[in-house]
Amino acid sequence: MKHYKLEKNQIRPLAEGHGLAMVSDMVTVEGYSVAYMYRDEPEDADDSGWRFFAGNETDAYIDNAKNFSLLDVNVIANYDETIIPLLDSPVGSAFDKGEEGEVFYDASE
């Protein structure tokens with residue numbers, strides 16, 4: 001059983017209606033901010049296509065599916081509100097916070 005940093009009663013309606021997304025436990029369990037996000041083709045009607053990472057995951061960490069959760073995008077926005085302005089970006093979009101880690105830059109080029 002995972003112990004998420006935020007309790008259900010702490011989740012506010014910040015970005016509802018976007019569907020589900022895959023998120024690293026580095027964000028939701030360890031409490032790191034989202035540093036890298038990209039949008040894949042959705043796998044089904046509930047999938048937004050968004051994938052969120054803290055940016056410090058190793059290859060071994062990423063290869064273990066147990067290190068990720070499928071959560072509503074609104075929940076992830078409660079962990080890091082800086083993702084909200086980018087959520088309507090099209091499939092193929094990718095964003096990285098870079099060295100300073102405060103502002104997302106287009107990484108899809």
Side-chain angles (χ1 to χ4, degrees):
M1 183 78 178
K2 293 183 184 183
H3 296 285
Y4 296 111
K5 285 282 185 187
L6 295 178
E7 300 290 331
K8 285 183 181 181
N9 65 350
Q10 295 176 287
I11 304 300
R12 299 166 289 143
L14 300 176
E16 295 180 312
H18 290 280
L20 300 174
M22 185 194 68
V23 60
S24 166
D25 288 348
M26 288 287 189
V27 174
T28 56
V29 176
E30 300 298 324
Y32 290 94
S33 296
V34 173
Y36 181 70
M37 58 190 278
Y38 69 90
R39 192 168 195 185
D40 260 350
E41 195 68 45
E43 293 182 15
D44 58 41
D46 295 327
D47 183 14
S48 69
W50 282 112
R51 310 298 181 243
F52 298 96
F53 300 85
N56 59 351
E57 295 88 351
T58 63
D59 288 341
Y61 187 93
I62 290 171
D63 289 342
N64 186 346
K66 292 181 181 180
N67 292 325
F68 294 88
S69 296
L70 189 62
L71 298 174
D72 191 284
V73 170
N74 182 65
V75 173
I76 301 163
N78 275 265
Y79 282 90
D80 189 343
E81 294 182 31
T82 64
I83 70 169
I84 296 171
L86 304 171
L87 293 176
D88 290 325
S89 300
V91 170
S93 297
F95 301 95
D96 189 342
K97 281 190 179 167
E99 298 286 322
E100 64 283 341
E102 292 179 18
V103 178
F104 278 107
Y105 296 96
D106 189 342
S108 58
E109 302 167 346

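All residue numbers in this chain count up from 1 along the given sequence.
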Step through the shown structure and confirm whether more than 12 heavy atoms of other residues, nucleotides or ligands are within 6.0 Å of [atom1] on [X].
X: Tyr32; atom1: OH; result: no
X: Glu30; atom1: CD; result: yes
X: Asp59; atom1: CG; result: no
X: Lys66; atom1: NZ; result: no

**Asked** Asp96 versus Tyr36: any side-chain heavy-atom pair under 4.5 Å?
**Response**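 Result yes, sub-4.5 Å side-chain heavy-atom pair found.
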**Min side-chain heavy-atom separation Asn67-Glu57 under 4.5 Å** =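 No, every pair of side-chain atoms sits at 4.5 Å or beyond.
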Between [X] and [Y], what is the shortest heavy-atom contact and its length?
X: Gln10; Y: Lys5; value: OE1-O, 3.9 Å
X: Met22; Y: Leu70; value: N-CD1, 4.0 Å
X: Ala21; Y: Val73; value: CB-CG2, 3.8 Å
X: Pro42; Y: Asp47; value: CB-O, 3.1 Å
X: Asn74; Y: Ala15; value: OD1-N, 2.7 Å
X: Asp88; Y: Arg39; value: C-NH1, 4.2 Å

**Item:** Derivation of the side-chain contact (heavy atoms from CB on, under 4.5 Å) call for Thr82 and Val34
**Value:** CA-CA 8 Å; Thr82 64; Val34 173; 5.7 Å; no
**Item:** Residue pair Asp72, His18: steps toward the side-chain contact (heavy atoms from CB on, under 4.5 Å) verdict
**Value:** CA-CA 7 Å; Asp72 191 284; His18 290 280; 5.9 Å; no
Nearest-0.5 Å distance, [atom1] of residue [X] to [atom2] of residue [Y]:
X: Leu14; Y: Glu81; atom1: CG; atom2: CD; result: 5.0 Å
X: Ile76; Y: Ser69; atom1: CD1; atom2: OG; result: 8.5 Å
X: Ser93; Y: Phe104; atom1: OG; atom2: CZ; result: 12.5 Å

**Asked** Out of curiosity, does Phe52 fall in the hydrophobic cluster containing Tyr38 (side-chain heavy atoms, cut-off under 4.5 Å, transitive links)?
**Response** no
**Request:** Look at the side-chain heavy atoms of Ile, Leu, Val, Met, Phe, Trp and Tyr, link any pair under 4.5 Å apart, and say whether Met37 and Val29 land in one connected group.
**Result:**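 Hydrophobic grouping puts Met37 with Val29.
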**Trp50 and Val23: CA distance, side-chain angles, deciding distance, side-chain contact (heavy atoms from CB on, under 4.5 Å) verdict** = CA-CA 8 Å; Trp50 282 112; Val23 60; over 6 Å; no
**Asked** Looking just at side-chain N and O atoms, do Ser33 and Lys97 make a donor-acceptor pair shorter than 3.5 Å?
**Response**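 No, because no side-chain N or O of Ser33 sits under 3.5 Å from a partner of the opposite role on Lys97.
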**Request:** Keeping to residues at least two apart or across chains, list the ring pair (Phe, Tyr, Trp, His ring centres under 6.0 Å) pairs with something in residues 66-89.
**Result:** Phe53-Phe68
**Prompt:** In a check of side-chain contact (heavy atoms from CB on, under 4.5 Å) between Thr28 and each of Asp80, Leu71, Asn78, Leu6, which one passes?
**Reply:** Leu71
**Message:** Under the criterion side-chain contact (heavy atoms from CB on, under 4.5 Å), I'd like the reasoning laid out for Asp25 against Tyr61: C-alpha separation, chi angles, the key distance, then a yes or no.
**Reply:** CA-CA 10 Å; Asp25 288 348; Tyr61 187 93; 3.2 Å; yes
